[in-house]
Amino acid sequence: MESKLTTSEESPMNIPAHIAIIMDGNGRWAQKRGLPRLAGHRAGTENLREIIKACVEFGIHYLTIYAFSTENWGRPADEVDGLMHILEEVIDQELDELNEQGVQLVHIGRLERLDPVLQEKVEKSIYLTKHNKKLTVCIAWNYGGRDEIVCAIKRIIDDGLKAEEVCDDVVSNYLFTKGIPDPDLIIRTSGEMRISNFLIWQSAYAEWYITPTLWPDFNRDELQKAIINYGQRERRYGLVIPCQDE
Ligand code: IPE
Ligand code: IPE
Ligand code: MG
C-alpha cells in the first residue's frame with residue numbers, strides 16, 4: 001500500500017526518490033543492554049524489514065543501505081564472520097517475501113572477497129528480483145567510496161578512453177552505482193557526523209539527515225520524520241533561486 005505523505009496543510013510533499021542510509025550504532029545499542037555486539041547487528045536486521053516496508057508505503061524508489069564497509073574487515077574476526085553469517089541468514093529468510101513485495105535487490109561493492117557460497121546467494125537474489133519494480137534496495141557490502149573510484153579509474157584506462165572523453169556522466173557510468181540515480185537524502189543514525197567512505201562521488205548534492213537514534217531503534221516514524229524534514233529543504237545546487245515576487 002502506498003500512502004502519500006502530506007504536510008500539515010495536506011498538500012503533497014516533496015518525496016526523495018533515493019534514500020541512502022548509513023546504518024550506524026548497532027554496537028552501542030548492544031553495549032547499552034550488556035549484550036555482545038553481534039546482538040546489535042542482529043537487532044539491526046529486524047528494523048530493516050520495517051524500513052523497507054515503509055519505503056514501499058511512502059513511494060520511495062531507491063533505498064541504499066550501508067551494511068559493511070571496506071574498512072569493516074579490520075574489526076575482530078568473530079564480528080566479521082558474524083556479520084557475513086547475518087547477511088546469509090537475511091537472504092535465506094527474507095528473499096521470498098522481498099520478492100513478493102516487488103523489491104529488486106542490487107549490490108554495490110565487491111563480492112570477490114566473500115565466501116563463494118555467500119557470493120552465489122547474493123548473485124542469485126539479484127537475478128531472482130531483477131524484474132521487480134516497486135523499490136530497488138541497493139546493499140552496500142564490502143563497499144568503499146574510494147575503492148569504487150579507484151576501480152572506475154582502472155576500467156576507464158583499460159577501456160582506452162581519451163582524457164577529453166572523460167566527464168561526470170562517464171565517471172558515473174563506471175561506478176558500482178551505474179544506472180542508479182544519486183541519493184537525494186542520506187540518513188546517518190547514531191549521531192556521527194561523517195561520511196565514512198560512503199557514496200563519496202554520488203553524495204555531491206545529497207541532503208543530509210543525522211539522528212542520534214541508534215540504527216536498531218530507527219523505525220517507520222523516524223523515517224517519516226526524516227522524509228518530512230527533507231520536504232522542507234530548498235535544494236539549490238549552487239544556483240540562486242529567484243524570489244517568488246520577482
Ligand atoms: C554499524 O554499527 C554496522 C556496521 C558497521 C557493520 P556499528 O557496528 O558501527 O555500531 P557502533 O558504531 O560501534 O555503535
Ligand atoms: C560506517 O559505519 C559503515 C557502516 C555503517 C556499514 P562505521 O561504524 O564503520 O564508521 P566509523 O568507523 O564510525 O567512521
Ligand atoms: Mg559505527
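Start at 1 and go down the list; that is how both ligands and their atoms are numbered. All figures in this text were calculated on a predicted structure; none of them were measured in a lab.
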For Arg75, state whether at least one heavy atom is located under 4.0 Å from any atom of ligand 2.
yes
Arg220 and Glu57 ion-paired at < 4.0 Å:
yes
Among all protein heavy atoms, pick out the one at the shortest distance from atom 6 (C) of ligand 1; state its residue, atom name and that distance to 0.1 Å.
Ala67 O, 3.3 Å
Mind checking whether Gly25 has a heavy atom under 4.0 Å from ligand 1?
yes
Nearest neighbour in protein (non-hydrogen) for atom 2 (O) of ligand 2
Arg188 NH2, 3.7 Å
Does some non-hydrogen atom of Glu192 fall short of 4.0 Å from ligand 1?
no
Would you indicate whether the side-chain heavy atoms of Ile21 and Ile51 approach each other to under 4.5 Å?
yes
Return the name of the atom in Asp24, of element N, O or S, nearest to the Mg ion (ligand 3).
OD1
Considering only non-hydrogen protein atoms, determine which one is nearest to atom 1 (C) of ligand 1 and report residue, atom name and distance to 0.1 Å.
Met23 O, 3.0 Å
Which heavy atom of the protein is the closest neighbour of atom 12 (O) of ligand 2, given with residue, atom name and distance?
Arg194 NH2, 4.6 Å
Heavy-atom donor-acceptor pair, Glu148 side chain to Phe176 backbone, under 3.5 Å
yes
Test item: Tyr230 side-chain N/O and Asn14 main-chain N/O as donor-acceptor pair under 3.5 Å
no
At less than 2.8 Å, would any N/O/S atom of Glu192, backbone or side chain, sit next to the Mg ion (ligand 3)?
no
Have a look at ligand 2 and work out which part of Phe68, if any, has a heavy atom under 4.0 Å from it: side chain, backbone, both or neither.
backbone
Are any of the N or O atoms of Ser196 closer than 3.5 Å to those of ligand 2?
yes
Taking distance alone, with N or O pairs closer than 3.5 Å, would you say Asn26 contacts ligand 1?
yes
Does any N or O in the side chain of Thr189 come within less than 3.5 Å of the main-chain N or O of Asp24, such that one atom is a donor and the other an acceptor?
yes
Can you check whether Ala204's main-chain N or O pairs, donor with acceptor, with Asp182's side chain at less than 3.5 Å?
no
Which protein non-hydrogen atom lies closest to atom 10 (O) of ligand 1, naming both residue and atom, and how far is it?
Gly27 N, 2.9 Å
